[in-house]
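Comments concern the structure below.
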Amino acid sequence: MKKPPTLGRTTARGLIKFRGDRAAQLVPQARLAGPMPWVIAIMISLTVIAAAGGLALSNVVSNARAELAGGATVQILEASPSERNRQADAAEAVLAEHPLVGSTRRVPDEELDALLEPWLGAGAGSEAVPVPALIDVRLRGDVTQQSLGTLRGLLVDAAPSARVDAQSSWLGPVFSALSSLQWLAAALVVLLGLTSAAAVWLAARSALGSNRDTIEIVHLLGGTDVQIARIFERSVGFDATLGGAFGLALGLLAILFLGQQFADLGSGMMAGGGLRWFDWVAIAAIPIIGVVIAMLTARLTVLGALRRML
Amino acid sequence: MSSSEGEGITFDNVGLRYGTEKEVLSDLSFTLHPGSFYFLTGASGAGKTSLLKLLYLAQRPSRGAIRMFGTDVITLPRKRLPSYRRRLGVVFQDFRLVQHLSAFDNVALPLRVSGVRENDLRKPVSDMLEWVGLSHRMDAQPATLSGGEQQRVAIARAVIGRPELLVADEPTGNVDPDMALKLLRLFEALNRLGTTVVVATHDVHLLKKVPSSLIMRLDKGRLSDPTGALRYPPRQNSHSTAAGEQKGGFE
Ligand SMILES: Nc1ncnc2c1ncn2[C@@H]1O[C@H](COP(=O)(O)OP(=O)(O)O)[C@@H](O)[C@H]1O
Ligand SMILES: [Mg+2]
């Protein structure tokens with residue numbers, strides 16, 4: 001037999017870190033061929049869509065509330081057009097002078113006609129059906145029963161046919177429906193978030209389960225717990241990043257598409273449903289949280305498995 | 001072989017039980033002398049693998065004390081064990097090669113774990129694979145290698161870091177007699193470099209092939225000592241390189 005090769009002692013070098021690409025190759029790199037990035041991508045995209053929906057809805061509600069909070073509507077319910085005009089002008093004049101009132105705006109008849117056209121047909125006009133005159137009133141403060149009472153008192157003489165309502169009271173039922181929807185969306189986001197976390201957890205665990213032998217071998221060859229955990233953390237983190245990025249992209253596509261559709265509706269209600277910059281930040285944080293969960297799972301699972309060995 | 005590494009391994013009244021079963025190893029007291037070549041024999045089920053697990057720090061004994069390289073490894077904190085494992089080479093009965101790594105990467109693994117730089121490990125690993133006759137299969141994955149070839153990869157991995165203690169569990173279990181002999185020669189060569197070698201085998205024919213070897217026999221978890229290997233000081237063995245070194249290096 002030949003002379004054996006000269007061998008150097010390796011142990012004197014101590015516990016130098018074993019990391020980087022060489023360490024990463026210890027875990028088979030299934031990447032997109034494996035299920036993990038896809039499971040994560042799907043869960044992340046669903047969570048992103050639900051979160052965006054919930055945030056948009058919450059923006060719709062809070063925008064509408066802010067807009068309506070200081071608003072009151074004065075209707076002049078008078079059949080005769082001339083009397084109606086007279087009372088409307090008088091009402092507007094009285095209101096404009098009062099310190100409670102920030103501004104008033106007479107809603108032009110054309111605008112009212114346009115609003116009613118879908119229901120009454122074109123050219124129906126104010127002659128055919130008596131349409132009340134509308135005055136939009138912005139108060140300096142919030143609308144309360146007291147301020148409404150003050151307005152009513154002001155108008156008793158000037159415009160006896162006036163009826164004063166808070167704008168938000170019209171939309172009360174809509175608000176409560178939107179509120180329920182908002183809770184539903186929040187619950188959905190929480191459930192999807194939990195399911196995503198669970199999916200990430202399971203994917204990371206199963207990825208590690210199939211590598212239990214490798215973990216044990218490296219352990220017996222003198223790998224430290226931290227070394228081994230880092231190898232798997234890195235690999236799982238890479239897969240999760242891949243899946244998270246893909247899921248985010250998918251989710252964003254869906255959001256933009258839906259956003260486009262709602263924009264095309266041109267509905268005033270939905271106009272306030274845009275996402276603000278911090279909403280986008282929150283949405284972008286979803287895949288990052290997913291990656292963190294995946295890496296944490298990998299770390300804890302590996303350390304747990306190793307702790308059961310001597 | 002230097003005396004600074006020469007503290008050997010001492011078992012003092014060691015017992016091992018799995019769970020609440022009766023002890024599979026009892027009252028083991030012996031010293032493995034640095035640079036010696038030991039065979040550990042015994043029937044199947046006698047406890048050979050269990051004893052080796054204690055040696056390669058995969059298992060804590062239920063009682064007794066084990067000193068290794070001058071340290072009590074039983075009371076050592078868990079996080080200090082890796083640096084001791086790196087001083088060992090282990091040939092597992094079932095090889096335990098990493099299946100998706102090439103022969104080269106499997107052999108390089110202990111060096112990489114120890115933080116050896118890529119440039120510094122390429123040549124030793126290639127040389128070692130050449131030495132075990134696998135230079136043409138360096139890029140092969142274990143599944144594509146024959147049993148004997150896998151065994152040689154496992155052995156190359158065990159010896160690449162030039163361990164102070166080499167532990168081999170039935171390393172010739174699944175190969176033909178010629179290959180068995182060849183593998184024994186590898187262990188002897190490493191032994192000549194100063195490594196203490198412990199080879200577990202139930203094949204009594206193997207024992208004669210290494211004349212300098214000392215024999216430990218396990219019978220139902222208890223140790224007997226046919227060659228006086230475990231006596232202290234150990235019986236001098238005139239034709240043994242290992243024993244010859246012991247004179248200067250250990251005693
Ligand atoms: N992990 C284990 N759990 C429980 N019993 C075990 C375990 N490993 C080995 N044994 C038992 O210990 C005894 C010795 O086994 P082992 O050390 O493998 O013997 P050998 O290697 O000499 O064949 C056997 O009776 C075996 O069933
Ligand atoms: Mg055995």
Side-chain angles (χ1 to χ4, degrees), chain A residues 1-31 33-34 207-232 234-235 302-310, chain B residues 5 53 56-60 78-79 81-90 92 96-102 105-106 108-118 120-121 123-133 157-164 182 185-186 188-190 192-193 195:
Chain A
M1 173 135 303
K2 269 177 26 181
K3 213 173 145 295
T6 37
L7 298 169
R9 285 249 195 268
T10 60
T11 49
R13 274 172 263 252
L15 302 181
I16 299 169
K17 287 181 180 71
F18 176 47
R19 57 204 305 183
D21 294 337
R22 283 296 167 185
Q25 60 157 214
L26 269 178
V27 193
Q29 317 283 298
R31 299 301 174 233
L208 295 171
S210 53
N211 287 294
R212 204 154 289 270
D213 284 349
T214 308
I215 293 175
E216 198 176 336
I217 291 168
V218 179
H219 172 71
L220 287 172
L221 293 180
T224 65
D225 291 6
V226 173
Q227 268 184 335
I228 300 170
R230 196 177 285 127
I231 293 167
F232 285 91
R234 184 186 136 124
S235 164
V302 172
L303 289 179
L306 284 168
R307 228 163 261 134
R308 260 171 270 124
M309 305 171 194
L310 175 62
Chain B
E5 290 162 350
K53 277 186 184 163
Y56 61 72
L57 300 172
Q59 181 83 52
R60 268 192 214 280
R78 204 182 153 274
K79 70 175 196 312
L81 287 173
S83 62
Y84 285 85
R85 292 198 181 96
R86 292 178 190 190
R87 299 165 75 170
L88 312 174
V90 187
F92 302 96
R96 303 229 188 154
L97 300 176
V98 180
Q99 289 304 314
H100 56 271
L101 293 187
S102 67
D105 287 328
N106 266 288
L109 191 52
L111 300 182
R112 288 179 174 146
V113 167
S114 298
V116 176
R117 279 198 308 269
E118 286 304 305
D120 297 339
L121 63 74
K123 184 163 162 42
V125 172
S126 309
D127 287 354
M128 180 58 68
L129 280 162
E130 194 184 335
W131 192 41
V132 298
R157 185 182 68 185
V159 304
I160 185 73
R162 206 181 136 197
E164 291 165 60
K182 231 174 133 183
R185 296 288 164 256
L186 294 183
E188 281 188 281
L190 189 70
R192 276 195 291 276
L193 291 172
T195 295

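The sequence lines fix the lettering, A, B, ..., with proteins before strands; numbering per chain opens at 1.
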When the 4.5 angstrom heavy-atom criterion is applied to A:Leu306 and chain B, the contacting part is both

If one checks every heavy atom of A:Leu220 against chain B at 4.5 Å, the contacting part turns out to be both

Cut-off 4.5 Å, heavy atoms of chain A, and the answer for B:Leu121 is neither

For B:Arg60, the salt bridge (charged side-chain N to carboxylate O under 4.0 Å, His left out) test, sequence neighbours excluded, returns none

What I'd like to find out is whether the side chain of [X] reaches to under 4.5 Å of the side chain of [Y], using heavy atoms alone.
| X | Y | answer |
| --- | --- | --- |
| A:Asp225 | B:Arg78 | yes |
| B:Arg112 | A:Val218 | no |
| B:Arg157 | A:Ile217 | yes |

Interface check, chain A: of B:Arg85, B:Gln59, B:Lys123, most non-hydrogen pairs under 4.5 Å belong to B:Arg85

Those residues at least two apart in sequence (or on a different chain) that pass ring-ring contact (aromatic ring centres under 6.0 Å, His included) with B:Phe92 are B:Tyr56

So OG1 of A:Thr214 and CD of B:Gln99: to nearest 0.5 Å the spacing works out to 8.5 Å

To the nearest 0.5 Å, atom NE2 of A:His219 lies from atom CG of B:Leu81 at 8.0 Å

Check your understanding: So, the side chain of B:Arg86 versus the backbone of A:Gly222: is there a donor-acceptor pair under 3.5 Å, distance only?
Key -> yes

Tell me whether B:Arg96 contacts the main-chain N or O of A:Glu216 through its side chain, where contact means a donor paired with an acceptor under 3.5 Å. no

